[in-house]
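These values consider heavy atoms only, across backbone and side chains, with no hydrogens, waters or symmetry-generated copies. Here, residue 1 is the first one in the sequence, and each next residue gets the next number.
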Amino acid sequence: MHIRTVCLCLLQQDQRFLFQRIENVHKSKTMYRPVGGTMEYGENSLTAVTREVKEEINVEIIEPILQYVIENHFKFTEQHQDSGEIKEVLGHEINFIYSAQAKDPLIYQQDIVYGIESNEVAYEAEWKTLMDLKEDLNALVVPEGLLELLLQMDIEKKVGSSLYHQIH
């Protein structure tokens with residue numbers, strides 16, 4: 001097992017954040033995660049988050065600020081390519097969570113933003129308020145703990161970087 005380093009970007013318009021929607025066929029919850037992806041060897045987190053957002057949703061970001069570092073231990077299901085057997089696997093990620101603005105403001109007018117993962121799998125990202133996600137019993141925001149941090153930030157109305165390291 002290896003540790004994955006992930007760089008994610010919180011794009012925000014008013015009270016809404018852009019979240020990639022991930023349908024989990026093995027669980028009854030829909031996962032929501034900020035747009036972004038895996039850091040490549042030799043990259044720093046700032047370069048990675050900028051590249052990932054551009055690659056996935058074709059949006060250039062400006063003024064990225066590192067907000068949180070979340071260490072995440074989790075379980076997920078994986079299907080074996082040959083046998084088709086579904087098994088539970090342990091995951092371990094270090095997540096660098098940035099906030100940024102889109103260079104092109106047209107993205108903020110789209111209800112659905114279409115993206116593509118590095119493995120060519122298409123996805124949809126949608127604008128959600130924190131309260132929408134908190135009140136939806138079928139929603140799971142990942143990485144774990146991010147929703148609670150965002151809700152706390154919303155309550156405290158912090159300005160600038162609130163760099164915070166959390167382990168789950």
Taking every non-hydrogen atom, the tightest pair across [X] and [Y]:
X	Y	result
P34	F19	N-CD2, 3.7 Å
Y108	Q12	CE2-O, 3.7 Å
H92	F74	N-CE2, 3.9 Å
R4	T38	NH1-OG1, 3.1 Å
A102	I107	CB-CG2, 3.5 Å
L66	Y98	N-CD2, 3.4 Å

Within this structure, what is the [atom1]-[atom2] distance for the pair [X] and [Y], rounded to the nearest 0.5 Å?
X	Y	atom1	atom2	answer
M153	E148	CE	CD	13.0 Å
Q101	I65	CD	CD1	9.0 Å
L8	L146	CG	CG	8.0 Å
E56	E52	CD	CD	5.0 Å
M39	T5	CE	OG1	5.5 Å
L130	Q152	CG	CD	12.0 Å

Y114 reachable from F17 in the ILVMFWY side-chain graph, under 4.5 Å edges: no

Check: Q67/S99 side-chain N/O donor and acceptor closer than 3.5 Å: yes

E23-Y123 side chain donor-acceptor pair, cut-off 3.5 Å: no

Audit row: I116, E55, side-chain contact (heavy atoms from CB on, under 4.5 Å) steps and yes/no: CA-CA 8 Å; I116 190 155; E55 285 178 1; over 6 Å; no

[X] side chain to [Y] backbone, donor-acceptor under 3.5 Å:
X	Y	result
D14	R16	no
N95	I97	no
Q79	G84	yes
W127	V113	no

Pair K87 + E85: basic N to acidic O under 4.0 Å: no

Side-chain touch V69/I94, heavy atoms, less than 4.5 angstrom: yes

Heavy-atom check, side chain of L150 versus side chain of L10, under 4.5 Å: yes

Atom CG of L137: over 12 foreign heavy atoms under 6.0 Å: no

More than 12 heavy atoms from other groups under 6.0 Å of NZ on K134: no

Working for side-chain contact (heavy atoms from CB on, under 4.5 Å), residues L11 and V35: CA-CA 8 Å; L11 292 171; V35 174; 5.7 Å; no

From L147, L151, L149, residue fulfilling side-chain contact (heavy atoms from CB on, under 4.5 Å) relative to V141: L147

